[in-house]
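Take a look at the structure below.
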2 protein chains.
Amino acid sequence: MTDLHTTNALRLLQAADDFRAGLSGEFAAVHGISVNEFLLMLHLERSAAKRLSRVDLAKRMHVSASTITRMAAPMEKIGLVDREIDARDARLVFVVTTDAGREKLFQALATFSKRAGDLFDDRWDDEEVEKFASMVRRLMAATGDMLA
Amino acid sequence: MTDLHTTNALRLLQAADDFRAGLSGEFAAVHGISVNEFLLMLHLERSAAKRLSRVDLAKRMHVSASTITRMAAPMEKIGLVDREIDARDARLVFVVTTDAGREKLFQALATFSKRAGDLFDDRWDDEEVEKFASMVRRLMAATGDMLA
DNA sequence: GCAAATTAATTGCGTTTGCAAGCATATTGC
DNA sequence: GCAATATGCTTGCAAACGCAATTAATTTGC
C-alpha cells in the first residue's frame, strides 16, 4: 500500500481522471461532443488506413463492440463519420471520418492541446517533459497501431 | 497535435485506461467489486476522518452526487460500508467502511499492487520510479485530502 | 468441397450514470 | 428573528454501456 509502484498507479488513475473530467465539460459545451467521441475520431485519424473496424475501435477504446455500434450511429447521423464496406470481407463495417468530422476533430484537438498545456504548465522544463513522454510511453499496452 | 504536451496528455489517458481495463476484469472476478467501488473505499480510508460525505466523494471521484447515493446503497446492503449522521448538520450523510469493507479493500489493494508491479516492471529502475512519482504527483489536481 | 468452428456486427435486456427537480436542513442578510 | 439563499441528499427520467444471444460471413480441418 505504501509501495511506490502502487502509489504511482493510483496517481496515474487519479491524474487521468482529473484531466478527463475537466476536458469533458469543455468538450460538451464548446464542441458538442463527448471525450469518447473525440477519442474515437482520433483513433481513426491515427490509424494507418484512416479507418478502423468496430472491433478494432472497441479494443483500442476498451469498450464493447456494441458500444461502438451505438456510438457510431448518432455520429453518422450528424455527419461526423461514415461507414465503409470491405470488398473482401463482407462482415467488416469500417468507420471513417468525414471532412466535417475531421474538422470537428481538429477543433477539439486544439481545445485538448490547450488543456494539455495547462496540465504541463510553467513548472515543467523541456527535459522533464521529454522524460515524462518516454516514461508514459512505456506504460501503454503496445499494440502497434495504437494511440500516439 | 504533434506538440509534446498533447502527446503526453494522450498517453496519460491511454495508459490509465489500459491499466483500469485490466484491473476491472480481475476485480470483478476475484473480489466481486468494481474499480469504482474499490476507489470509493480507498478514498474513505485515506480521508483524515475515515469518512466522507456523499458530495465529497462525488468531487474526488468525478461523478455526480446521485451516483454516490446509488453506489453506496448496494454496498451498504452487502455490508461493505455504513452510513453515519452528523450531529451538527442533519443534511450530511457520511459513508464509512465497515470492518468487512476494510478487509475487502485490503484484499483488492493486494491485487492492485500486483498489477501496479507488473505495470512498472523490471525495466524500471528505482530512480526512474521515484522520478515518475514526483512527476505524476504534480499532475494531480491538488485538494489536500486527496488520493495518494 | 463441405461441415465445424471462428469472427464481425447488431439487438434485447438489465445496470450504471448524469441532469434536473424536489425536499430537507443550514446559513446569510437585513 | 425571518425571509431569501445555499447546501446536501434523493428520485424520475433519459442516455450510455456491457453481456448474451442472433445473424451473417469467413476460415479451418479433413
Side-chain angles (χ1 to χ4, degrees), chain A residues 17 20-29 32-41 43-44 47 49 51-78 80-96, chain B residues 17 20-29 32-41 43-44 47 49 51-78 80-96:
Chain A
D17 271 0
R20 183 188 275 256
L23 212 59
S24 177
E26 189 168 0
F27 268 25
I33 61 174
S34 69
V35 175
N36 269 349
E37 287 170 334
F38 164 75
L39 289 175
L40 189 152
M41 291 193 288
H43 276 292
L44 294 178
S47 68
R51 66 179 200 179
L52 290 170
S53 72
R54 276 137 162 79
V55 292
D56 273 356
L57 274 169
K59 284 175 192 161
R60 283 171 172 74
M61 299 183 67
H62 297 301
V63 297
S64 67
S66 58
T67 296
I68 300 295
T69 293
R70 286 176 169 125
M71 277 184 68
M75 292 178 78
E76 287 175 15
K77 190 156 288 183
I78 62 177
L80 293 178
V81 300
D82 208 347
R83 53 174 59 205
E84 260 182 25
I85 304 297
D86 189 294
R88 298 162 224 234
D89 192 336
R91 294 171 305 179
L92 294 174
V93 182
F94 290 103
V95 184
V96 295
Chain B
D17 271 0
R20 183 188 275 256
L23 212 60
S24 177
E26 190 169 358
F27 268 24
I33 61 174
S34 69
V35 175
N36 268 352
E37 286 170 334
F38 164 74
L39 289 175
L40 187 152
M41 291 193 289
H43 276 292
L44 295 178
S47 68
R51 66 180 200 178
L52 290 170
S53 72
R54 275 134 162 78
V55 292
D56 272 358
L57 273 170
K59 283 175 193 162
R60 282 171 172 74
M61 299 183 66
H62 298 301
V63 298
S64 66
S66 60
T67 296
I68 300 294
T69 293
R70 289 178 166 124
M71 278 183 68
M75 292 177 76
E76 286 175 13
K77 189 156 289 183
I78 61 176
L80 293 178
V81 300
D82 208 347
R83 53 173 60 206
E84 263 183 21
I85 304 297
D86 190 294
R88 298 159 222 230
D89 190 337
R91 294 172 304 177
L92 294 174
V93 182
F94 290 103
V95 184
V96 294

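Residue numbers start from 1 in every chain, and the chains themselves are labelled A, B, ... in the order their sequence lines are given, proteins ahead of strands. Quick caveat, the model's predicted, so the values are computed rather than measured.
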Sorted by chain and residue number, the side-chain contact (heavy atoms from CB on, under 4.5 Å) partners of B:V35 (sequence neighbours excluded) come out as B:R20, B:L23, B:S24, B:F27, B:L39
Whole angstroms only, please: what is the CG-P distance between A:L39 and D:dC17? 12 Å
Residues that A:D86 engages under side-chain contact (heavy atoms from CB on, under 4.5 Å), provided they are two or more places apart: A:R51, A:R88, A:D89, A:L92, A:F94
Pairwise 5' ranking along DNA chain D for A:S64 and A:A87, keeping only the more 5' one: A:S64
Just so I know, are the side chains of B:L80 and B:L40 near enough to count as touching, which here means a heavy-atom distance under 4.5 Å? no
Pairs satisfying salt bridge (Lys or Arg N to Asp or Glu O under 4.0 Å), at least one member in residues 61-74 of chain A, at least two apart: none
The side-chain contact (heavy atoms from CB on, under 4.5 Å) partners of B:T69 (sequence neighbours excluded) come to B:R54
Atom CG of A:D86 and atom P of D:dA25 are separated, to the nearest Å, by 14 Å
How long is the line joining CG of A:L57 and P of C:dA8, in whole Å? 13 Å
B/S/- along nucleotides 6-14 of chain D (protein heavy atoms under 4.0 Å) is -BSSBBBB-
I need the CG-C1' distance between A:N36 and D:dC17, as an integer number of Å. 10 Å
Are the side chains of B:I68 and B:M61 in contact, using a 4.5 Å heavy-atom criterion? yes
